[in-house]
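Take a look at the structure below.
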Amino acid sequence: MIALLDCNNFYVSCERVFNPSLRGKPVIVLSNNDGCAIARSDEAKELGIKMATPVFMIVDLIKKHNVQVFSSNYELYGDMSDRVMRIIKSFVQVVEVYSIDEIFLDLSNIKYQSIEQLAIDLRQSVQQQTGIPVTVGVAPTKTLAKMANRFAKKFKKKIGVHYAATKEAINEMLTVTEVGDIWGIGHQYEKLLLLHNIKTAFDFVNTNEEWIRKNMSVVGHRMVKEMKGIPCIKWEQTPPPRKAICTSRSFGNLLTKKHQIEEAVAAFTASCAQKLRKENTVANTLQVFVQTNPFRHEDKQYFASQDLHLRVPSNNTKELLSYAMRGLNNIFQNGFNYHKAGILLTDIVPSKFIQLSIFDKPESSQQKNLMKTIDKVNRNFGRDTVRFGSQGFDKQWHLRRQYLSKAFTTNPNEFLTIKI
DNA sequence: TCTGGGGTCCTAGGACCC
DNA sequence: TCTGGGGTCCTAGGACCC
C-alpha cells in the first residue's frame with residue numbers, strides 16, 4: 001500500500017500558523033511579483049477564486065469580502081515543509097518527498113496497529129507539532145493514492161483520511177472522480193476525453209487501451225494501468241540528479257535599457273551557479289533568454305534566446321557570467337519593453353567528471369575557495385551579501401512583494417514575540 | 001498599472017551516417 | 001526514365017506536475 005500525505009492549502013496554512021486571526025477568513029497567497037493567486041483557503045475557494053487567477057481580475061472580490069492577501073514567503077514555507085517531513089519520517093522510513101507539501105509513503109513493510117490508525121496518527125502529530133492540517137490517501141498505487149487523497153478532501157473532510165484497498169472501494173472512487181481530476185490529466189487531455197464521452201476515471205479505465213496508447217502515448221497508458229492497481233510509476237527515494245537548472249523572473253517594471261537587463265541576468269546566473277555548487281555539479285550548456293510581455297498587445301513583441309556551449313564545464317560564477325553576458329549581448333535589441341529574462345543550464349554532470357582537453361587549465365583552487373567562501377557568507381548572512389559587480393545594486397528588475405509576512409522561523413530578527 | 005517559476009517526460013521530424 | 005533503407009542523435013514543441 002502507498003499513502004500520499006499532503007498539506008491542505010499549504011502556503012495559506014503556514015501564514016495561519018503565525019497569524020491565527022486569519023482562521024475562518026478568506027486568505028490567498030500570491031505568486032512571484034504578486035501576480036496570481038497560487039494558494040487559497042477554503043473560504044477563498046468558496047468565493048470562486050480559482051488557482052492562478054491574476055490579482056487584478058479579482059480586486060473587487062478581494063475588497064468586498066475582505067480577503068487577506070500575502071506575497072509568497074518561500075523562506076517560511078520551505079522551513080515549515082522541512083518540519084512536516086521530519087515528523088512523517090519519524091513514523092515511516094521509506095518515503096518520497098514529492099513536492100514542498102506532498103510526500104509518498106511506502107507502507108508495505110510497516111508494523112502498526114492498522115494502516116488507518118497510522119494515517120490518523122500521522123495527521124494528528126503533524127497538526128499538533130506544526131499547526132499544519134494534512135490529508136492522507138491510501139491505495140495500491142501512486143495514482144490511486146493521489147485519488148484517495150482527493151476523495152478524502154472532498155468526502156471525508158472531518159477525519160481527513162481515505163483508505164481504498166478493496167476492489168469495491170477503488171471502484172467507488174473511480175466512479176466519483178471526474179476525468180480532469182486524475183493525476184496526469186491536464187486541460188488538453190481532459191478536453192480530448194470529454195469529447196469522446198469519457199467523463200469519469202471509471203470510464204477512462206474501461207476505455208480501449210489501444211486507443212489510449214495512440215491518442216495519449218505511453219503516458220496515458222501508464223495512468224490507466226496505475227488505476228487498475230498495477231504500479232508503473234517509479235519510486236524515487238532519493239531525488240535523481242537534476243537535468244536542468246533555471247532561474248528566471250518577470251521584472252517588477254518593464255525594462256528598456258541593456259544595463260538593467262544585464263544586472264538581472266547576472267543575478268540569475270549567480271543563482272544558477274550557486275545551485276550547481278550546492279549539488280556538486282557543473283553545466284556544459286548555458287542558455288540566456290529575454291522576452292517582452294505577451295499580454296501587452298500594444299507592445300512590439302520580441303522573444304530571443306541563445307545557447308552557449310562552455311569550453312570547459314563549470315559551476316564558477318565568474319566563468320558562467322562571461323558566457324551569459326556574451327549571449328545577452330548577442331540577443332539584446334534596443335526598442336523593446338522587456339518583461340522577463342532568464343538563465344537555463346543544461347547538460348549537467350557531476351563535477352568530478354570534468355573532461356579537460358590538453359590546452360585547458362583546471363579551475364584554480366583559489367577560484368574554488370572563493371566560490372566556497374561566497375556561498376558560505378551568503379548562507380550565513382543572507383542571499384546577495386557578497387555578489388559580483390555585474391549584479392549591480394539598484395535592482396531595477398526587483399520583484400513586487402507588497403504583502404510579505406515575516407521569516408518567523410528562520411530569521412532571529414523576525415521571530416514572533418509573545419507576551420505571557 | 002496588474003497575468004509565476006521551476007521542473008519532467010514524450011514524440012515527431014530533421015540531420016547525418018553507412 | 002530510373003533516385004534505398006535502416007539506424008542514431010539532437011532539438012523543438014507540447015503535455016503534464018506542483
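No hydrogens, no waters, no symmetry mates; every other heavy atom, side chains included, goes into these values. Letters A, B, ... are given to chains in the order of the sequence lines, protein chains preceding strands, and every chain is numbered from 1. Note that the structure is a prediction, hence the values are computed from the model and not measured.
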Item to check | Between the first and last five pairs of the helix from B/dG5-C/dC18 to B/dC18-C/dG5, the angle of the axes, rounded to 10 degrees | outcome: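 Inter-axis angle at the ends, rounded: 10°.
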Item to check | Comparing A/Ala244 and A/Tyr74 on DNA chain B - which has the more 5′ nearest nucleotide | outcome: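 Residue closer to the 5' terminus by nearest nucleotide: A/Tyr74.
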Checklist entry - Whole-Å distance between C/dA15 C1' and A/His187 NE2? => result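 Spelled out: NE2 on A/His187 to C1' on C/dA15 is 13 Å.
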Checklist entry - At their closest point, which heavy atom of A/Gln237 faces which heavy atom of A/Val95, and how far apart are they? => result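 That would be CG-O, 3.4 Å.
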What does [X] touch in the nucleic acid at a heavy-atom separation under 4.0 angstrom: a base, only the sugar-phosphate, or nothing?
| X | result |
| --- | --- |
| A/Lys146 | sugar-phosphate |
| A/Thr247 | sugar-phosphate |
| A/Lys191 | nothing |
| A/Ile185 | sugar-phosphate |

Item to check | N or O in side chain of A/Lys275 less than 4.0 angstrom from B/dG5 OP1/OP2 | outcome: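 No, no such contact exists.
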Item to check | Reported CG-to-CZ distance for the pair A/Asp6 and A/Arg150, which is rounded to 0.5 angstrom | outcome: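 Going from the CG atom of A/Asp6 to the CZ atom of A/Arg150 covers 10.0 Å.
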Checklist entry - Looking at A/Phe104, is A/Lys142 sitting on its ring face, NZ or CZ under 6.0 Å from the six-membered ring centre and within 45 degrees of the normal? => result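 Yes, cation above the ring, under 6.0 Å and within 45°.
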Checklist entry - Listed in order of residue number, which residues of residues 205-227 of chain A have a non-hydrogen atom at under 4.0 Å from DNA chain B? => result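 Hits under 4.0 Å, by residue number: A/Arg213, A/Ser217, A/Val218, A/Val219, A/Arg222.
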